[in-house]
Amino acid sequence: MPLTDALKRRARELGFCAIGVTGAEPFREAETAAAGRTKEGLMDGLTWWSEARAHASAEPRRNTPDARSVIALAFPYPTADGEAPASQIPSPAGGGGQGGGPRGRIASYALGRDYHEVLLERMQPLLAMLREQGHRAKSYVDHGWMLDRAAAARAGIGWLGKNTNLLVPGTGSQVLLCEIVTSAELDHDEPIKKSCGGCDACLRVCPTGALVAPGVLDNRRCISFWTIEHRGSIPREMRPLIGDWIFGCDLCQEICPINAGARPSFPDAQAVEAFGPPIEARPGLEELLTLDDAAFRARFRESAVWRTRRAGLLRNVCVALGNVADRASVPALTAALEDPEPLVRGHAAWALGRLAGTAARAALERALSREADAEVRDECELALQECGPLAVPSAV
């Protein structure tokens, strides 16, 4: 069997839902777009990204000078219920779901083991096949320097949607991408001549307006950026727009008709086996506020949620509680006003201001009387203003 065909067959056996091959020439069009958007400030806040990295990531031969081919791979991840797209799963209504109070939402890709480890493991047999034939081969997951969506589109495994995600025929965008750059001369595939047509559902559903044009994302307005990448306080004007998301956001994928109609072309068991037992997709928010460092580590160390660290996750939890606005959460938020992390205390104060009421006001006043951190004090004072004046009983 020719090497290209053997690699594709083995990739399917490993659970990849799409595999394509393109040449190792630079991705010039994608490079221009990525560098231009970086210069415009649309990628601001991502400390690991730069204009220089955009240029370097467009060069597949940067670390493999004799590269002849780029193998692009897509691996599906289980959605929130393991079968149906997240758009078909009812969200908790109003003040919370079953089993104890308000619930938050975690993006589906983060519900299992960290995908970097999963993809690196799944690519190993393919790397071995190439090396056994005497070819050089280097793997990339998204923390490597590679314009992965550009590679996938040119290799013909999907097309770029207006929400900036790669859409794989028959599977949709709920996939994770990785690549292998190799010195092997493989048979190349043609790009898919397909587009989203007149559909703009993803642009309309985004509550922050992060999709500023078809295929153009302003990172500074993206819920995923604020709940995952950002390390400090979330701007007050962004907090109400985040809703109940505590890690990432799936809205532009949930609304996509390609995803809604897609049925995976792989056995569900493949993805389940790869990602391991899932963490809870819609965890109880009040319970998360009780996690100390050890409990956070035990629960999330193997998942992508670990990237936020404890303070970041609990910050997000407080924002979600403020948006759900169930006054039954006042005791949990009051306890969070004594958290060792100022980041958590400040966002707990904001949430209490949103809930308002006598108990919330009393908790904020007590916190303000003892708080030493200037930023947290500001949050408490602003929250007290949002609570409004204390109601005075009228004389009878």
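The shown structure was predicted, so the numbers you read here are calculated from the model rather than taken from an experiment.
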Flag side-chain contact, heavy atom, 4.5 Å: Leu3 against His135: yes
Using a strict 4.0 Å threshold on nitrogen-to-oxygen distance, state whether Glu287 and Arg299 make a salt bridge. yes
With rounding to the nearest 0.5 angstrom, report the OG to CD distance, Ser139 to Glu121. 12.0 Å
When hydrophobic residues are tied together by side-chain contacts of less than 4.5 Å, even through go-betweens, does Leu382 share a cluster with Leu343? no
Applying the 4.5 Å side-chain criterion to the ILVMFWY set and letting contacts propagate, would Tyr109 and Leu217 be lumped into a single cluster? no
Checking the side chain of Arg113 only, and the main-chain atoms of Val118 only, is there a donor and an acceptor separated by less than 3.5 Å? no
Phe296 ring center near Trp306 ring center (under 6.0 Å): yes
Do Glu375 and Pro342 come close enough that some side-chain heavy atom pair is under 4.5 Å? no
Any side-chain donor paired with an acceptor under 3.5 Å for Gln174 and Ser108? no
Has the side chain of Asn259 got a donor or acceptor atom that lies under 3.5 Å from a matching backbone atom of Ser173? yes
If you define the side chain from C-beta out and look only at heavy atoms, does anything of Arg53 sit under 4.5 Å from Met43? no
Are Leu7 and Val21 connected in the hydrophobic side-chain network, where two residues link if heavy atoms are under 4.5 Å apart? yes
Please examine the side chains of Pro331 and Glu286, heavy atoms only from C-beta on, and report whether any two atoms are closer than 4.5 Å. no
Ignoring hydrogens and angles, tell me if any N or O in the side chain of Arg62 forms a donor-acceptor pair with the backbone of Trp145 under 3.5 Å. yes
Using only heavy-atom distances, determine whether the side chains of Asn323 and Arg354 contain a donor-acceptor pair under 3.5 Å. yes
Show your working on side-chain contact (heavy atoms from CB on, under 4.5 Å) between Val70 and Ile180 and close with a plain yes or no. CA-CA 6 Å; Val70 177; Ile180 297 173; over 6 Å; no
Side chains of Phe275 and Ser303, heavy atoms from C-beta outward: is any pair under 4.5 Å? no
Nearest heavy-atom approach of Pro169 to Ile192 is CG-CD1, 3.7 Å
Residue pairs involving residues 213-223 (criterion side-chain hydrogen bond (donor to acceptor under 3.5 Å, both in side chains); sequence neighbours excluded): Asp218-Arg220
Within the structure provided, determine whether Leu333 and Cys318 are in side-chain contact (heavy-atom separation under 4.5 Å). yes
Heavy-atom closest pair (Ile106 atom, Asp250 atom, distance to 0.1 Å) is O-OD2, 4.5 Å
Is a side-chain donor or acceptor of Glu59 paired with a backbone partner of Arg61 at a separation under 3.5 angstrom? no
Would a 4.5 Å heavy-atom cut-off, applied to side chains only, mark Asp373 and Arg345 as touching? yes
Side chain to side chain contact (heavy atoms under 4.5 Å, CB included) partners of Ala11, counting only residues at least two apart: Phe16, Ile19, Leu73, Leu126
Can you list the residues that meet the side chain to side chain contact (heavy atoms under 4.5 Å, CB included) rule with Arg154, with sequence neighbours excluded? Thr22, Glu25, Phe27
Residues Thr182, Thr64; criterion side-chain contact (heavy atoms from CB on, under 4.5 Å); working and verdict: CA-CA 7 Å; Thr182 178; Thr64 312; over 6 Å; no
Could you tell me whether Tyr77 and Tyr115 have their ring centroids closer than 6.0 angstrom? no
Main chain of Asp66, side chain of Ser183: is a donor-acceptor contact present, judged purely on distance under 3.5 Å? no
Residue pair Pro191 / Trp159, side-chain heavy-atom distance below 4.5 Å: no
Regarding Glu51 and Thr38, do their side chains bring together a donor and an acceptor under 3.5 Å, going by distance alone? no
